[in-house]
2 protein chains.
Amino acid sequence: MKATNTDHSLTNIYYYGSDKILVAVDCIIFGFDIIEEKLKILLFKRLVEPFAGQWSLVGSFVRKDEDISLAASRILFELTGLGEVFMEQLRSYGKPDRDPGSRVISIAYYSLIQINDQLNNLHDAQWFEIKDMPKLVLDHDEMVRDAQEQLKQNAIRRPIGFNLLPEYFTLPQLLKVYKEIYQKPLDDRNFRKKILSMDLLIKSNEKDKSGSKKGAFLYKFDKEKYQNLVKKGFLFEL
Amino acid sequence: MKATNTDHSLTNIYYYGSDKILVAVDCIIFGFDIIEEKLKILLFKRLVEPFAGQWSLVGSFVRKDEDISLAASRILFELTGLGEVFMEQLRSYGKPDRDPGSRVISIAYYSLIQINDQLNNLHDAQWFEIKDMPKLVLDHDEMVRDAQEQLKQNAIRRPIGFNLLPEYFTLPQLLKVYKEIYQKPLDDRNFRKKILSMDLLIKSNEKDKSGSKKGAFLYKFDKEKYQNLVKKGFLFEL
DNA sequence: GCAAAAGTGTTGTCAATACACCCATGA
DNA sequence: TCATGGGTGTATTGACAACACTTTTGC
C-alpha cells in the first residue's frame, strides 16, 4: 500500500500535532555489601531544583536519539564507571504531576552490581541498606519498592543473584545474597542442594579464607551453559 | 534546603534544555472467544503513514497532562466502549528508530476483556487468533510476544483468567481459558481441585446448557474475598 | 437408548522442608 | 584446644501428575 499525499498530511498532523514530553530514566542500583552481608541501594543527592540536595535515585533525561536502555546504561556508567552490568527495565511512571518541576515520564531500570567496585564519586553517592533509606524525592520510594518486589520475583525464576557477587564467590556468600533478596531465612543444606543441582556452578580449587578459618571453596557461575539453556527455552525455578 | 537563584537557573537548564519526545501508549487487547474457545487479540488497521492500512495494535500519543495509565484506558474506551477492564503495564519500547515516522517511545499495556462485548467499530478492528495474526507494524509483533509471555507468567501467580469471561461462567469454560493462556493441555480433574481449593468461586444454582445437554454449573469470581486476601499479602500460585 | 459433555477420587512420584552433627583451621 | 564457620545426609511431608468411569439429558 503506497502513501498518498493525503496520508502524508495526516501523518504530519498525527506526529507533529501531538505533545512531546520529557522522558527520564531512573535507576535502582542494588549492590551486596560482602563485608556487612547486606543488600544495599545506591542513592545520590539531587543536583537540581526542585528538591536539590535531597536523596534520589540516579537518573537522566533520555536524549532525542538515544535508546532508552542505552540511556540507562549511560547513567550507570557515568556514576559507577561500570560497563557490562545486569540491568532490566522495571516499568514506567507517568502520573502527570509526579515531578513538580515539569511533566516528566520516567522509565525505571534496576541493576545488580558488585558493591566494592570503585565509584566515580562525582555525585555524592552513598550506599544505603533498604531499611535505613532516607525518604527519596518524587515517586522514587515507590520505584524502590517495586524494584525490590521485581527482584524477588525474578530471582526465583532466573539465577541472577550471581550478579551481586564477584566472579568467584563462595556458597555461604551466595546463600547470604539470597537471604537478603528474599528477606527470609533459608536452610543452608537445602540451598546447597538446589543450587548445585542446577549444575551451573564451576567449583574451583581455591578457598576463600576471609570468612572463616576453614575457608570456603570458590565457585564461578557458568554463564555459557546458562545461555545455552536459556536458548533452549529451559525454565528455572530457584 | 531552600532553592537559590542559581539552583533555579540550573533547574531551567536541566528541564528546558532537555529533549522532549513523543510518547505513545499501545494496547495488546486479549479476548476469549467463548464460541470458538480461542484466545484472541484485537487488531486494527493503522490510519496514518507510515504503514497506513496495515494491521497494528491500538495506540495513541500520551497527552501533555495525561496520566499514562489513563491514556491506556482512554484508548481502550474509545475502541471498545468498555470502562472498567483489567489492564496492566507491560513495558516500554524505546529504540530510537522503532517508528520511522518520528522518534516515539511507546509504553505498552495489555488488557483482558470479554470478547463478545460490542465494539465501537470505528477503526476496522478485528479479532485474530494469535497464531493467525498478520504481521504488524513497527515493533508491535514483539509487543504481542512479550504480552503473551507476561500473561502466562501473571496467570500463574494471580487469578486473572476470570477477566476474559463474563461474570458468570462454567468451570469447563475457565479450564479452556487457562489451556489457551498456557498453550498446553490441562487435566480437568486436577484443574477443578486446584481452582476450587482456592475457595474464590461462588457457585450458583444455575446451569449453562449451551455447551452440553447436561449443563454445567455457573460460578462467579469472589472479587471481595480476593481483594481481602491481596490486602493481607496472601500469595497465589495457580 | 445413545451421544456428548459434566462431574468425581485415588495413587504414585518428586520436590521442598525440617533437622543435627562432623570437619578444618587459625588463634 | 577451642571457637568459628564450612560442609554433609536422611526422613517426612505435601503438592502435582497421571489416570477412567459414572451422570445427566436432549435428541
Distance in angstrom units between A:L186 CG and C:dC19 P, rounded: 15 Å

Spacing between B:K176 atom NZ and C:dG7 atom C1', to the nearest angstrom: 13 Å

Spacing between A:L171 atom CG and C:dC23 atom P, to the nearest angstrom: 20 Å

Whole-Å gap separating P (C:dC19) and CZ (A:F191): 20 Å

Spacing of A:E206 atom CD relative to D:dG6 atom C1', expressed in whole Å: 17 Å

Worked check of side chain to side chain contact (heavy atoms under 4.5 Å, CB included) between B:Y168 and B:K220: CA-CA 5 Å; B:Y168 285 92; B:K220 195 179 131 178; 3.3 Å; yes

Whole-Å distance separating the CE atom of A:M198 from the P atom of C:dA15: 15 Å

Annotated protein contacts, base or backbone, on nucleotides 18-26 of chain D with a non-hydrogen cut-off under 4.0 Å, one of B, S, - each: BBB--BBBB

Ring center gap for B:F169 and B:F162 short of 6.0 angstrom: yes

Nearest-Å distance for atom pair OH/P, residues B:Y219 and C:dA6: 12 Å

Polar contact flag, side-chain donor to acceptor under 3.5 angstrom, A:D146-A:Y93: yes

A:Q89 side chain vs B:S92 backbone, donor-acceptor pair below 3.5 Å: yes

B:N154, B:L112, B:L151, B:I160 screened by side chain to side chain contact (heavy atoms under 4.5 Å, CB included) with B:E88, the one that passes: B:N154

Any residue meeting side chain to side chain contact (heavy atoms under 4.5 Å, CB included) with A:K213, in chain and number order, not counting sequence neighbours: none

Length of the CZ-C1' vector between A:R192 and C:dA18, whole Å: 17 Å

Given DNA chain C, 5'-ward residue of the pair B:F217 and A:K184, judged by closest heavy atom: B:F217

